[in-house]
Amino acid sequence: MTQKYLEQLSALLERAVHDGFEKVRLECKHFFSGAAVYANGKICMSLTPVGFAVKLPEKSRRHLLKQGRARPLRYFPKGPIKKDYVLLPAAALNDPRALRRWIKRSVEYTASLPKDAKKRS
């Protein structure tokens, strides 16, 4: 089942990011019950049974949520909301220009975040 999501997300990424990103390494991998894209080793988007989610800056997330063009990401019905992510509607996957814009914003935002500090024992 997860192979389907990996193939779909890889194809979506290829269509949307045909010219690539300078200095950002993108990888598409299995992710729990779906697939995820990593920008320089940090997750920036996922495609799972709940839908297509992108990691975005707070201002972009608020804008999309306020306009009703996205909804909060929650992997399980009563699970916690993943605060840095929004679920884009299925229609967004069919709008190449909009999709490229949100993927670009997600990749650039995620790649700009500092590396997580290593926990010391």
Please determine whether residues [X] and [Y] belong to a single hydrophobic cluster, defined as Ile, Leu, Val, Met, Phe, Trp and Tyr linked transitively by side-chain heavy-atom distances below 4.5 Å.
| X | Y | result |
| --- | --- | --- |
| L47 | Y38 | no |
| L6 | Y75 | no |
| Y85 | V54 | no |
| L12 | L56 | yes |
| F52 | Y5 | yes |

Gap separating the [atom1] atom of [X] from the [atom2] atom of [Y], nearest 0.5 angstrom:
| X | Y | atom1 | atom2 | value |
| --- | --- | --- | --- | --- |
| E14 | L9 | CD | CG | 11.0 Å |
| L13 | M45 | CG | CE | 6.0 Å |
| K82 | I43 | NZ | CD1 | 9.5 Å |
| K55 | S60 | NZ | OG | 13.5 Å |
| C44 | E27 | SG | CD | 10.5 Å |
| E58 | R61 | CD | CZ | 5.5 Å |

N/O donor-acceptor pair under 3.5 Å between [X] side chain and [Y] backbone:
| X | Y | value |
| --- | --- | --- |
| R74 | G79 | yes |
| S106 | W102 | no |
| S112 | Y109 | yes |

Do the side chains of [Y] and [X] get nearer than 4.5 Å, heavy atoms only?
| X | Y | result |
| --- | --- | --- |
| R69 | H63 | yes |
| N40 | L26 | no |
| R71 | L64 | no |

All heavy atoms of A111 vs all of V24, minimum pair found to be CB-CG2, 3.9 Å

In terms of heavy-atom contacts, I81 and P72 come closest through CG2-CB, 3.8 Å

Applying the side-chain contact (heavy atoms from CB on, under 4.5 Å) criterion to L73, which one of T48, L88, V86, V50 satisfies it? V50

When you look at NZ of K42, are more than 12 heavy atoms from neighbouring residues, nucleotides or ligands closer to it than 6.0 Å?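 Correct, the count exceeds 12.
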
